[in-house]
Amino acid sequence: MTQDEQKRQAAAAALEALRPKLGRGVVLGIGTGSTTNCFIDALAALKGHFDGAVASSVASAERLARHGIPVLTLKESGRLSLYIDGADEADPNLALIKGGGAALTREKIVAGAAETFYCLVDESKCVEVLGTFPLPLEYIELAEAPLVRALEALGGQAVRRPGVLTDNGHPLLDVRGLAMTDPEALEKEINQWPGVVCNGLFALRRADQLFVAGASGVTVRARP
Ligand code: 5RP
């Protein structure tokens, strides 16, 4: 099975899991990326069975709208029932690295507004300890040099992502070499540096259920 087929399988399994939760008053939070795109395309079959969706990126909002799914703001929606998104890495405690698609800040906001977070991955994303995938960090331009130095002091090597600004108009660093045995502590530490908009560790708001697609089908891991 190809990686794309695995992404579609994870999306289909998540859709089956959420189907009984749909109904009037239900608004979903929707992430960003190729796995989430598979989910949006599958979700289109159930439009009309829920009120709409809050998107974590312009790209996802456009895709939802193309399918005729109402796109709402967080002001309009109130608290979300469920947030569905992919990830770049997931550890056994369902802490994640996200932001490979540059949508980490809005993803963290929308995930934080949801009761439950379903994360969809193919098995290549599952790791024992986070950190092989470089950690994305969205920041205010002025802070670039001090942030690069602060990351170096933690053992990280930060490289600006070329040619990319986020939907919020900010640049990104991709950081290799950080120790992530305590992802919550690292997320908190980086969060409080001046100029950081958001870092791609999702450990404080980790996934509640991880849908992992592999060669023999989809397994669902619950948050321990
Ligand atoms: C976007 C993300 C994505 O969820 C992550 O990059 C995974 O993407 P894909 O499903 O395309 O592998 O965090 O900012």
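Keep in mind that this is a model prediction, so the values were computed, not measured. Just so you know, ligand 1 is whichever comes first in the structure, and atom 1 is the first atom listed for that ligand.
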- Under the side-chain hydrogen bond (donor to acceptor under 3.5 Å, both in side chains) rule, collect the residues that match up with Thr105, sequence neighbours excluded. Glu138
- Query: Okay, side chain of Thr116, backbone of Leu82: is any donor-acceptor separation there less than 3.5 Å?
  - Reply: no
- Item | Test: Glu141 and Arg160 ion pair at under 4.0 Å | yes
- Task: Decide yes or no on side-chain hydrogen bond (donor to acceptor under 3.5 Å, both in side chains) for Asp122 and Ser124, but give the supporting numbers first.
- Result: CA-CA 6 Å; Asp122 63 81; Ser124 70; 2.3 Å; yes
Going by atom type alone, with no hydrogens or angles, which donor-acceptor pairs under 3.5 Å involve a side-chain atom of residues 213-223 and a protein atom two or more places apart or on another chain?
none

- Which pairs count as side chain to side chain donor-acceptor pair (under 3.5 Å) when at least one residue sits in residues 87-99, sequence neighbours excluded? Asp85-Lys98, Lys98-Glu107
- Show the protein residues that qualify under the rule heavy atom under 4.0 Å from an atom of ligand 1, listing them in chain and number order. Lys7, Thr32, Gly33, Ser34, Thr35, Asp85, Gly86, Ala87, Asp88, Lys98, Gly99, Gly100, Gly101, Ala102, Ala103, Glu107, Lys125
